[in-house]
Every structure is written in structure tokens, then in C-alpha cells.
Amino acid sequence: MKKILSFILGCFVALNLSMSVANSAANEVRVAYFLEWPSPNLEDMQKKNFAKALGVPVKWTNFTNGGAMTDAMLAGDIDISYSQGLVPYINAVKSNAPIKLVDIAMEYGMGGTTCVTSNASGITKANATELEGKKVAVPLGTMAEYVFDESMKVVGADRSKMDIIQMDPEEGAAALVSGDVVMACLFGGNSIKAAVAVGSRLLTVDEARAAGILGIDITSVTDKFMKENPGMLRTFIEVTHEANARYKAGKADMNAMAKASEMKVGDMKDTLSGFKFLTPEETKKSMESGNLDAFLKGMGTPGGSVDTSFLPL
């Protein structure tokens, strides 16, 4: 009987999926993501499993920051932004951008996003006020800027007295290595690895965690795509959560994930160790009354910007 019920349920799901795809308008789905930022669903990207599930080609484009993802969505070039930082998303909806938050990609400590001071500068958390009057690299409008702001509160340094230079993580790491800046705030495994080769984290991962500094990346979608292709959006999120479950079960193809992330497997595992991939139930709770909800309210995010109806519950 169990097998029969499973068969009937499978047919029902397949029928619903077919109907959803048949009713959709898109003949291609365009997705934004980050390199150096591994996640289980990048295995499915690499193996074209999203295209198989959605029934249309899926074009993945990598971006250097979440603000650029928003710009691409507003320009009509991207339908779904996967792992967009929460800060860029909040900035967008405060400007009335027609996008919605529909899933949480991951929660993370400061292993994957941090501020690094150069060893040559001699600046640590103990004398962090010496950052004032000096050049620091920050990818403005990203989660790294949030980490920068929160870290400065912890160490008692005044950001208004620093010469803050907008730089994407790779640029910031290069500037730190060359000595053009004394501190770089950045994200991404390869960029952080390059930065810590010549510097040290201003706050350790444990110190940042103790200070309550938490990162959240989300999945956002344009209102237009969401309204015209609800079945495709639901399938995209389903495949992502299936990948998360596979990773938790120890069955993920790490080589495929590393190739998609353009990272070495060892470096990728180190980055992944700081990530938490939530179940659909945990995601819904976080979106409605947990970490995500608190973050959104704390930053004055307009109501109605979150939609939990696409989660595979």
C-alpha cells in the first residue's frame, strides 16, 4: 500500500509540476549567484538538474555583489537572485524595487564574511581606533558593510573618521596585499584566503558570533517572474532544498560543487563549515518570527516584502 500511495503521490506531484510548467510564460530562467560562495544546489547547476526540473534552459550568471544583482533584476536581465545578501535586498525594497524575498539560502557566522587588517599596519582589535584616518576597503551596500559596521561597534572605532573606499572583495584583498589599504572587509573563500595571507581577522569567528553578528543570504525574485511563473519558482526552491537535504545526508558531489564555485575542494569545505542550510520548516520560522524577521524589522524593512508560500512544506 505504501508503494501505491507513493506512486499516486508521485504522479500527482508530476502532474502539478507539468501543469505549472505548462502554464508558465518563461522560455528561459535567468539566475544570479556568487563564485567563491559554495552551496549544495550548485551541484544541480553544474549537472543542469534545474533545467531538467523546470523544463526550460536555466542561465546562471555570477555577480560580484548583491547590489549588482538588484540592478540586473531591475534591468530585466535576471529573474531570480540566489544567495543575495540581506542588506542589498533591504536597500532595494526600501527604494520600492519590485522584488520579493521567497527563501533563505543560508545563515552563516563570520567565517565567510569578515574584516581583515594587514599585519604590516599593526592594527588589531586592541588598537582599532588607529583605523581612523586611514584607508579601508568595503563593498558598500553588502553584508560585508553590515559586518564592518557591527565590528566597529565592538572594537570602538568610528567609521565616519575613516577613508572608506568602495571595493568588491577581490579588489579589497588585492589592495590589502599591495598595502593600499590597512583593512579590507570582504566575503568569499578565495578573497578571504588572499587577505589573511598578509593580515589577520579583526574579530575571530567566535568573537563575532559572541557579539551576535550573523549573516543571512536569501533568494529574491522579481515580482514579474513570480506572478507569471509561480510553478517554476516553486520548483527552483524545491530543487534547492532537496540539494540542502542531500548535502546534510553526506551525499553531495563535492567535486561538482567546487567546480561550480571555482574553488578547491578543501577551501570550499572550510567555507561551508560556517554555513547553515535551513530546512523548509526552519526557513519559514526564521522568515516569520526568527532571525530573518528580526533582521528585517531591525533595519526598518517595509512590510509585505516576504513571501513564504513557495517553500516546499
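Sequence positions, counted from 1, serve as the residue numbers for this chain.
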Original post:
When rounded to the nearest 0.5 angstrom, what distance separates CG in Asp44 from OG1 in Thr240?
Top reply: 7.5 Å

**OP:** Could you tell me whether a side-chain N or O of Glu282 sits under 3.5 Å from a main-chain N or O of Thr279, the two making a donor and an acceptor?
**Re:** yes

**OP:** Pick out which of Met226, Gln84, Lys100 makes a side-chain contact (heavy atoms from CB on, under 4.5 Å) with Ser220.
**Re:** Gln84

Original post:
Is Met69 linked to Leu42 within one hydrophobic cluster, defined over Ile, Leu, Val, Met, Phe, Trp and Tyr using a side-chain heavy-atom separation of less than 4.5 Å?
Top reply: yes

Subject >> Flag, side chain of Ser95 to backbone of Ala97, donor-acceptor distance under 3.5 Å >> reply: no

Subject >> Exam field: side chain Asp158 to backbone Ser160, donor-acceptor pair closer than 3.5 Å >> reply: yes

Subject >> Flag for Thr204-Asp206: side-chain donor and acceptor within less than 3.5 Å >> reply: no

Subject >> Cluster link Phe236 to Val56, ILVMFWY, side chain under 4.5 Å >> reply: yes

Subject >> Lys153/Asp149 salt bridge by N-O under 4.0 Å criterion >> reply: no

Original post:
Okay, side chain of Glu43, backbone of Met257: is any donor-acceptor separation there less than 3.5 Å?
Top reply: no

Original post:
Just checking, any donor-acceptor pair under 3.5 angstrom between side chains of Ser200 and Asn119?
Top reply: yes

Subject >> Sidechain-backbone polar pair: Thr271 side chain, Asp267 backbone, donor-acceptor under 3.5 Å >> reply: yes

**OP:** Quick one: do Glu288 and Thr308 satisfy side-chain contact (heavy atoms from CB on, under 4.5 Å)? Show the steps, please.
**Re:** CA-CA 8 Å; Glu288 293 181 344; Thr308 63; 3.6 Å; yes

**OP:** May I ask you to decide whether Lys224 forms a salt bridge with Asp79, counting only side-chain N to carboxylate O separations under 4.0 Å?
**Re:** no

Original post:
Take atom CD in Gln46; do more than 12 heavy atoms of anything else shown fall under 6.0 Å from it?
Top reply: yes

Original post:
Hey, what do you get for CE (Met268) to CH2 (Trp37), rounding to the nearest 0.5 Å?
Top reply: 14.0 Å

Subject >> Residues in salt bridge (charged side-chain N to carboxylate O under 4.0 Å, His left out) contact with Glu130, at least two apart in sequence or another chain >> reply: none

Original post:
Applying the 4.5 Å side-chain criterion to the ILVMFWY set and letting contacts propagate, would Val205 and Val116 be lumped into a single cluster?
Top reply: no

Subject >> Ion pair check, Arg246 and Glu242, cut-off under 4.0 Å >> reply: no

Original post:
Ignoring hydrogens and geometry, is there a side-chain-to-backbone donor-acceptor pair from Tyr89 to Leu101 under 3.5 Å?
Top reply: yes

Original post:
Looking only at side chains, do Asn41 and His241 share a donor and an acceptor under 3.5 Å apart?
Top reply: no

**OP:** State, with a plain yes or no, whether a side-chain heavy atom of Val154 is found less than 4.5 Å away from one of Leu203.
**Re:** yes

Original post:
Under 4.5 Å between any side-chain heavy atoms of Met162 and Met152, yes or no?
Top reply: yes

Original post:
Between Ser191 and Glu171, do the side chains contain an N or O donor and an N or O acceptor separated by less than 3.5 Å?
Top reply: no

Subject >> Main-chain N/O of Met110 paired to Thr113 side chain as donor or acceptor, under 3.5 Å >> reply: no

Original post:
Is a donor on one side and an acceptor on the other found under 3.5 Å between the side chain of Asn127 and the backbone of Gly122?
Top reply: yes

Subject >> Interatomic distance, Asp103 atom CG to Asp307 atom CG [nearest 0.5 angstrom] >> reply: 11.0 Å

Subject >> Nearest-0.5 Å distance that lies between atom CZ in Phe277 and atom CD1 in Ile104 >> reply: 12.5 Å

Original post:
Are Phe63 and Tyr33 near enough that their ring centres are under 6.0 Å apart?
Top reply: no

Subject >> Evaluation steps, side-chain contact (heavy atoms from CB on, under 4.5 Å), between Leu272 and Met254 >> reply: CA-CA 11 Å; Leu272 284 167; Met254 304 300 278; 3.9 Å; yes

**OP:** Would you mind reporting whether Asn255 and Val265 have side-chain heavy atoms less than 4.5 Å apart?
**Re:** yes

Subject >> Within 6.0 angstrom of Lys48 NZ, more than 12 heavy atoms from elsewhere >> reply: no

Original post:
Do Phe34 and Phe187 have ring centres separated by under 6.0 Å?
Top reply: yes

**OP:** Taking atom NZ of Lys264 as the centre, report whether more than 12 heavy atoms of other residues, nucleotides or ligands fall under 6.0 Å from it.
**Re:** no

Subject >> Closest heavy-atom pair and its distance - Thr70, Pro88 >> reply: OG1-O, 4.1 Å

Subject >> Residues Asp163 and Lys134 bridged, charged N to O under 4.0 Å >> reply: no

**OP:** Considering only NZ, NE, NH1 and NH2 on the basic side and carboxylate oxygens on the acidic side, decide whether Glu281 and Lys284 come within less than 4.0 Å.
**Re:** no

**OP:** Answer yes if Ile192 and Met106 sit in the same cluster of Ile, Leu, Val, Met, Phe, Trp and Tyr residues linked by side chain heavy atoms under 4.5 Å apart, and no otherwise.
**Re:** no

**OP:** Answer whether the closest heavy-atom distance between the side chains of Leu131 and Ile123 falls below 4.5 Å.
**Re:** yes

Original post:
Are any non-hydrogen side-chain atoms of Tyr247 and Phe275 less than 4.5 angstrom apart?
Top reply: no

**OP:** Give the C-alpha distance, both sets of side-chain angles, the deciding distance and a yes or no for side-chain contact (heavy atoms from CB on, under 4.5 Å) between Asn291 and Glu107.
**Re:** CA-CA 9 Å; Asn291 289 332; Glu107 294 184 350; 3.3 Å; yes

Subject >> Donor-acceptor pair, side chain of Ser261 and main chain of Ala258, under 3.5 angstrom >> reply: no

Original post:
Tell me the disulfide (SG to SG under 2.5 Å) pairs involving residues 161-254, sequence neighbours left out?
Top reply: Cys115-Cys185

**OP:** Indicate the atoms forming the closest heavy-atom contact of Val102 with Leu311, along with that distance.
**Re:** O-CD2, 3.8 Å

Original post:
Taking C-beta and beyond as the side chain, do Ile164 and Phe148 meet within less than 4.5 Å on heavy atoms?
Top reply: yes

**OP:** Would you check, one step at a time, whether the test side-chain contact (heavy atoms from CB on, under 4.5 Å) holds for Met263 with Asn190?
**Re:** CA-CA 7 Å; Met263 300 178 75; Asn190 293 344; 4.2 Å; yes

**OP:** Ignoring hydrogens and angles, tell me if any N or O in the side chain of Asn229 forms a donor-acceptor pair with the backbone of Ala26 under 3.5 Å.
**Re:** yes

Subject >> Salt-bridge contact Lys135-Asp180 (side-chain N to carboxylate O under 4.0 Å) >> reply: no

**OP:** With the side chain counted from C-beta on, respond yes when Val29 and Met232 share a heavy-atom pair under 4.5 Å apart, and no when they do not.
**Re:** yes

Original post:
Between Glu238 and Arg234, is there a side-chain N and carboxylate O pair less than 4.0 Å apart?
Top reply: no

**OP:** Spell out, yes or no, whether Leu202 and Val182 are grouped together once hydrophobic residues are joined by side-chain heavy atoms under 4.5 Å, including indirect joins.
**Re:** yes

**OP:** Give, for atom CD1 of Ile90 and atom CD1 of Ile218, the distance between the pair rounded to the nearest 0.5 Å.
**Re:** 9.0 Å

**OP:** Working to the nearest 0.5 Å, report the span between CG of Leu86 and CG of Asp217.
**Re:** 8.0 Å

Original post:
Looking at Phe310 and Ile237, what are the two nearest heavy atoms and their distance?
Top reply: CB-CD1, 3.6 Å

Original post:
Is Glu145 salt-bridged to Arg159, going by a charged N under 4.0 Å from an acidic O?
Top reply: yes

Original post:
Is there a side-chain contact between Ser151 and Ile213, using heavy atoms and a 4.5 Å cut-off?
Top reply: yes

